[in-house]
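Read the structure below first, then the notes.
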Number of protein chains: 2
Amino acid sequence: MAQRLAAWTQHTKRSALQDMLELTSGPEYISFGLGLPNAECFPAKQLAVSANEVLLRQSDPLQYAPPAEQLKRQIQLLMRKRGVECSTSQIFLTAGAQQGINLLVRLLLDPGKAVLAEEVTYTGFLQVLEPFQPRMMTVSTDPATGIDVEQVEQVLQTEERPACMYVIPSGHNPLSYTLSREKRQKLAQLAAEYEVPIIEDDPYGFLAYEDIEIPAIKSFQSDWVFYVGSFSKILAPGLRLGWIIANEEIIEKLSIVKEATDINTATLTQQIAANFLQKDEFANHLHHLRQEYRSRRNGMLDQLEAQLGEAGSWTIPSSGLFIWVRFPESINTMELFRESITTEKVTFFPGSVFAVNPSRMASSSIRLNFSFNNHDKIEEGITRLSRLVKRHL
Amino acid sequence: MAQRLAAWTQHTKRSALQDMLELTSGPEYISFGLGLPNAECFPAKQLAVSANEVLLRQSDPLQYAPPAEQLKRQIQLLMRKRGVECSTSQIFLTAGAQQGINLLVRLLLDPGKAVLAEEVTYTGFLQVLEPFQPRMMTVSTDPATGIDVEQVEQVLQTEERPACMYVIPSGHNPLSYTLSREKRQKLAQLAAEYEVPIIEDDPYGFLAYEDIEIPAIKSFQSDWVFYVGSFSKILAPGLRLGWIIANEEIIEKLSIVKEATDINTATLTQQIAANFLQKDEFANHLHHLRQEYRSRRNGMLDQLEAQLGEAGSWTIPSSGLFIWVRFPESINTMELFRESITTEKVTFFPGSVFAVNPSRMASSSIRLNFSFNNHDKIEEGITRLSRLVKRHL
């Protein structure tokens with residue numbers, strides 16, 4: 001069995017880090033590691049009312065069913081806030097954004113083809129790619145200004161055409177930047193010009209903490225941008241609901257891939273979400289959520305300033321759930337993480353986890369999540385982190 | 001775009017039949033086509049109570065979470081009824097059985113490798129295989145006695161070793177047979193002897209209509225049988241909950257593939273199902289469900305006898321949701337189906353849909369679902385079907 005198991009699992013590498021994060025989930029740890037929303041902000045009571053209404057009054061919330069039109073209509077309205085006008089026939093429902101990315105990659109990518117991505121990007125996207133073993137065309141990126149769009153253009157001009165480009169425009173995971181309007185426009189233009197679709201992964205697009213909201217890349221170019229949205233960060237990840245916006249012919253093909261994958265997205269959670277969204281309580285919920293996360297972000301920034309000070313530099317994210325902290329290059333944050341497990345007991349993701357190729361910038365950086373913990377925990381956690389880092393300077 | 005779309009979609013063929021089934025979902029049609037459970041049997045009120053309890057009392061049913069231990073414990077107890085003793089660490093939760101099959105195939109099968117299956121089998125399995133384009137090693141099968149186990153042995157002795165064997169032992173979809181204990185034992189033995197894992201797809205294993213219940217193949221051979229279970233047919237498909245039972249090292253690898261696919265199965269529906277199952281109302285529910293489906297099966301068999309008579313022959317299924325009806329070879333059931341859409345307006349699946357290679361046996365047969373419609377609809381539907389068939393004799 002051992003021999004066959006080895007053959008079966010060649011493309012299922014698990015990072016040692018993931019195991020460590022599980023090992024460190026005990027109450028003595030303060031976790032800035034995973035990108036978890038704050039559970040106290042989930043509208044549990046309202047969703048209980050919706051569950052009741054749906055199960056007792058509506059027809060067949062427990063049956064196999066085509067994607068719920070009511071939910072698509074709510075997504076259509078939501079997308080106007082991202083500058084995107086679309087019909088409900090251009091909306092495809094998924095079991096969360098991760099499934100959305102997965103279905104798109106399976107549609108776009110044959111094994112071995114190339115993919116264009118930043119040198120530092122979301123690990124969940126890299127996991128999706130693993131069984132296909134594509135050639136990675138990486139471009140530079142920056143925690144403040146984001147993907148190097150000039151370089152994207154150079155690569156498209158000179159190299160083979162990739163199957164797709166992967167972009168996280170708002171509250172980038174892990175770098176935390178929000179891409180400027182100009183860069184979005186340019187990316188949209190390049191996608192159309194070179195006929196290379198963009199997978200626009202936008203789970204944090206509705207979590208803007210400043211007054212300006214920059215429209216989705218999709219709003220500048222409809223045909224060549226496949227937008228991936230999610231209710232995980234703005235409603236609740238336990239529902240497993242997300243969506244893709246693309247042209248009808250793409251939707252039709254996605255529905256075939258989806259059927260083979262898991263038949264359909266859970267009818268019950270679709271109907272619960274649609275019921276809740278129809279009640280117009282969602283705008284209040286989202287307003288409250290942004291206030292809470294803005295406050296936690298500010299709390300973490302204050303603590304970094306007060307305690308870490310000149311021992312590091314960090315981003316001031318205008319969206320999303322993360323702050324990216326860079327230390328002097330002498331500090332290897334993977335080693336820092338290992339040490340933290342047994343000493344200070346504060347967890348975070350070392351930057352190298354997100355690096356497509358070994359990267360000095362990434363290996364001396366970490367990703368901190370600010371949404372999950374309350375202010376007291378944030379203060380205590382940054383205190384521990386600063387102590388840990390200062391021992392290494 | 002058209003050119004690139006064609007390249008993207010080469011392995012996403014949609015059967016024209018699927019489209020036709022959608023076209024024929026209007027109220028003027030009687031559908032024996034899809035394998036839908038009877039919605040009146042869903043325990044909607046009890047699940048509403050469970051949803052309320054879970055959302056108002058438990059911690060974090062809306063958060064990302066590891067698979068629910070409470071649900072695994074309930075599955076562990078259920079599996080004893082299938083003769084399977086396992087630990088909860090050998091249970092892996094999925095978004096329905098289709099996802100279970102999909103994850104297993106992605107783990108076991110490299111593109112191009114061979115798969116052993118019956119000449120007539122579940123289309124959902126064939127859809128999962130499509131992107132891998134495996135070599136199909138087909139063996140004979142029979143609507144009454146099932147997969148030809150002698151032939152399985154011959155194939156394993158003489159040909160290349162397949163990546164896996166796919167078996168639906170109880171209430172086979174579409175052939176409706178339930179495999180004998182002896183054949184199950186022999187398959188289990190062959191799996192171990194030739195080190196070829198069996199994917200045991202058992203969505204109907206708890207829907208036995210006679211007093212005898214034959215244990216799962218997994219009960220005879222633990223290491224080389226990967227069992228796929230589902231709540232879709234015994235609780236509700238709208239929850240999207242299923243499970244795999246396999247050894248711990250397989251579970252560990254599945255969890256990596258699953259994480260890349262959709263992170264985790266919906267925490268909310270897991271907790272709702274666990275809450276309901278813990279209340280011991282499930283045994284009553286299942287008893288009622290079997291009575292109801294037995295009665296509908298008997299009703300359809302009576303109607304076939306009274307109306308179709310010697311124009312066809314059919315199985316008497318002891319499990320599952322389907323009856324397999326065979327007509328004289330002069331009748332092509334794909335043509336029969338096309339005609340029915342505009343004339344009698346009764347729908348069913350032509351047998352050829354399930355055939356891996358063109359098959360005369362399949363092309364003069366149909367699959368009828370007996371769970372979805374009530375007795376009146378069954379009578380009316382079989383009346384229409386008999387009229388249709390008799391015009392072609």
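Each chain gets a letter, A, B and so on, in the order the sequences are listed, and its residues count up from 1.
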Winner by heavy-atom pair count (cut-off under 4.5 Å) against chain A, out of B/Ala95, B/Gly124, B/Ala236: B/Ala236
Contact leader toward chain A among B/Leu55, B/Leu62, B/Leu103, where contacts are heavy-atom pairs under 4.5 Å: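 The answer is B/Leu62.
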Interatomic distance, B/Arg106 atom CZ to A/Arg106 atom CZ [nearest 0.5 angstrom]: 4.5 Å
Heavy atoms only: give me the nearest [X]-[Y] pair and the separation to one decimal.
X	Y	answer
B/Ala51	A/Ala51	CB-CB, 3.9 Å
A/Tyr64	B/Gly35	CE1-O, 4.4 Å
B/Asn52	A/Ala48	OD1-CB, 3.5 Å
A/Pro37	B/Gln63	O-NE2, 2.9 Å
B/Gln98	A/Glu259	CG-O, 3.7 Å
B/Val128	A/Ala260	CG2-O, 3.5 Å

Criterion side chain to side chain contact (heavy atoms under 4.5 Å, CB included) on A/Ile263 and B/Arg240, from CA distance to verdict: CA-CA 9 Å; A/Ile263 302 189; B/Arg240 303 312 304 129; 3.8 Å; yes
Qualifying salt bridge (Lys or Arg N to Asp or Glu O under 4.0 Å) pairs, either residue in residues 44-69 of chain A, two or more places apart: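 Found A/Glu53-A/Lys279, A/Glu69-A/Lys72.
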Tell me, side chain or backbone of [X] under 4.5 Å from chain A's heavy atoms, or both, or neither?
X	value
B/Thr123	neither
B/Ala39	both
B/Phe231	neither
B/Pro61	backbone
B/Asn102	side chain

Side chain, backbone, both or neither: which part of [X] has a non-hydrogen atom closer than 4.5 Å to chain B?
X	result
A/Ala44	both
A/Leu239	both
A/Thr265	backbone

Between A/Ile272, A/Asp262, A/Ile101, the one whose heavy-atom pairs under 4.5 Å with chain B are most numerous: A/Asp262
Most contacts with chain B, counted as non-hydrogen pairs under 4.5 angstrom, among A/Thr261, A/Leu268, A/Leu126, A/Thr267: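 Highest number of pairs under 4.5 Å: A/Thr261.
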Qualifying residues under ring-ring contact (aromatic ring centres under 6.0 Å, His included), relative to A/Tyr122, sequence neighbours excluded: none
Other residues, nucleotides, ligands: >12 heavy atoms within 6.0 Å of B/Phe42 CZ: yes
